[in-house]
Amino acid sequence: MEAQSNVDEAPKQRTKHKGKHDKDKPWDDSSIDHWKVEKFDPSWNETGMLEVSSFSTIFPQYREKYLQDVWPTVKAALREHGISCELNLVEGTMTVSTTRKTRDPYIIVKSRDLIKLLSRSVPAPQAIKILDDEMQCDIIKIGNLVRNKARFVKRRQHLLGPNNSTLKALEILTGCYILVQGNTVASMGSFKGLKQVRRIVEDCIQNKMHPIYHIKILMMKKELAKDPTLENENWDRFLPQFKKKNVQKKKGKGKEKKPYTPFPPPQQPSKIDQQLETGEYFLSEEKKSAKKWQEKEVKQAEKSAENKRKREAAFIPPEEPVMQGHKSTTDDKTDVNAMAQSLKQKAKEIVKQKNVKNLDPQAYIAGSEAPPSKKKMKKSKS
């Protein structure tokens, strides 16, 4: 009973002091934006850094000349924040490290992002913007998402679009700078925009959704954000739902199955067996080298003849196209002649029919008087 009474008293004591520290704090004000990143003030860290921190990254060889030209501007931008940088052309590395003048402890991480972006072909004026507190970066690796190289190149082109139109639309809607280079996609912007860019890029490369559908969704979200009445509502009912359609491909003819045999296949002859069959095994080293050289010369002669034929093919004149106009004129002439002949035949037939109609049957009857001729008729009239 005593134990139960102690258990009952314990929660009463806890509830007794509840709300003791629930008082209004000076920073609990709606006018204060707690998510805003304030600009660093050097007075916050007057003593500087205790230890030297450094980061280094390698860069491809084709970026060597550009980095050599741009390095003075990069060095000047980092010097303002108390960061020293070094470009090693022998090893192909870029190194940044803190100094005694460094005050901001996070600027070394920003400097690391700067040399990463420079190594990924981002222009120096754009990469230097990463030193601002509001700007963040993200390097998305897309090379290992697809195994087939041709499929990877095709999907990466979907991300760019014709004349980079898809990429420009994504930059406008997300508010981020995007650069597709090789097996990576470098992006710079706010955290919200970088999250959207990563999702769009991964969906495109993994063939989950085409970037054009993401663009449509982002445009609709931008319009919905303008309406204050929909601020606390779910937007899924307004957004389009895109379903993936799997187009069934025609199945090709598979390999014909061979009849099952319990016996293993016959052993293939080795290289020495083949040399024994041809007699090459018993030849001396000189004869073997001479034979190889002869085969090599034959192959070279065939290759040179083929190359010569390809070069001469460019100088062979093409076949002259036959003028269609001449054909048409000759065809017209033959048609006209055929029509003229048919008309002549029809005219002859018509004349024959008229002559048959004008025949006098009395002229063919025996004993009948001949009809008076036209001359006699004229004399009698006269």
Side-chain angles (χ1 to χ4, degrees), residues 39-40 42 48-49 51-145 149 152-153 156-157 159-161 163-164 166-168 170-172 174-191 193-194 197-198 201 205:
K39 192 174 181 181
F40 181 78
M49 312 297 289
E51 294 289 337
V52 176
S53 302
S54 63
F55 293 98
S56 64
T57 183
I58 57 174
F59 59 87
Q61 192 175 3
Y62 63 86
R63 291 287 289 171
E64 185 176 328
K65 191 174 184 307
Y66 177 77
L67 290 172
Q68 204 169 356
D69 297 338
V70 173
W71 199 249
T73 57
V74 176
K75 200 170 186 178
L78 290 172
R79 195 186 298 120
E80 293 177 2
H81 299 277
I83 298 291
S84 65
C85 56
E86 182 187 355
L87 178 67
N88 192 338
L89 298 175
V90 178
E91 296 179 358
T93 59
M94 291 181 287
T95 309
V96 289
S97 58
T98 56
T99 60
R100 291 181 179 179
K101 296 180 181 179
T102 307
R103 295 292 178 266
D104 187 359
Y106 193 71
I107 197 67
I108 186 64
V109 180
K110 291 276 189 179
S111 305
R112 179 202 64 184
D113 295 340
L114 171 61
I115 59 176
K116 273 187 180 180
L117 293 169
L118 288 172
S119 65
R120 295 314 310 150
S121 299
V122 177
Q126 178 67 32
I128 289 170
K129 293 179 183 177
I130 196 64
L131 297 175
D132 298 338
D133 292 334
E134 293 81 11
M135 188 70 69
Q136 310 297 330
C137 77
D138 187 14
I139 296 173
I140 308 160
K141 294 180 181 180
I142 57 175
N144 56 355
L145 296 178
K149 186 71 176 175
F152 168 74
V153 172
R156 187 178 62 181
Q157 188 60 34
L159 197 62
L160 296 171
N163 297 326
N164 292 343
T166 307
L167 197 68
K168 289 174 185 174
L170 289 172
E171 285 181 349
I172 293 166
T174 58
C176 296
Y177 170 82
I178 307 170
L179 178 71
V180 181
Q181 175 70 20
N183 293 332
T184 58
V185 177
S187 55
M188 294 173 61
S190 61
F191 284 115
L194 293 175
V197 170
R198 177 172 277 274
V201 170
I205 300 299

Are the side chains of I83 and I108 in touch, meaning some heavy atoms are under 4.5 Å apart?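 A side-chain contact under 4.5 Å exists here.
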task: Kindly indicate whether the side chain of V74, heavy atoms from C-beta on, has any atom under 4.5 Å from the side chain of L67.
output: no
Closest non-hydrogen atom pair, [X] against [Y]:
X    : Y    : result
A124 : Y66  : N-OH, 3.0 Å
I130 : M188 : N-CE, 3.9 Å
T73  : V70  : OG1-O, 2.6 Å
T95  : S56  : OG1-CB, 3.5 Å
L131 : A77  : CD1-O, 4.1 Å
L118 : A127 : CD2-CB, 4.0 Å

[X] atom [atom1], neighbour heavy-atom count above 12 within 6.0 Å:
X    : atom1 : answer
N163 : CG    : no
F191 : CZ    : no
L89  : CG    : yes

Review point. If you measure from CE on M94 to CG on L114, what distance do you get to the nearest 0.5 Å?
Key: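 It comes to 8.0 Å.
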Rounded at 0.5 Å granularity, tell me how far CD1 in I58 sits from CD in E91.
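With rounding to 0.5 Å, CD1 (I58) is 11.0 Å from CD (E91).
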The single option from S111, S53, S84 that satisfies side-chain hydrogen bond (donor to acceptor under 3.5 Å, both in side chains) with S97 is S84
Donor-acceptor list for residues 175-184 side chains, cut-off 3.5 Å, not counting sequence neighbours:
unit_1 : atom_1 : unit_2 : atom_2 : d
Q181   : NE2    : Y62    : OH     : 3.2
T184   : OG1    : R120   : NE     : 2.9
T184   : OG1    : R120   : NH2    : 3.1
T184   : OG1    : Q181   : O      : 3.2

Could you tell me which residues satisfy salt bridge (Lys or Arg N to Asp or Glu O under 4.0 Å) with K149, sequence neighbours excluded, listed by chain and number?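 Not a single residue meets the salt bridge (Lys or Arg N to Asp or Glu O under 4.0 Å) criterion with K149.
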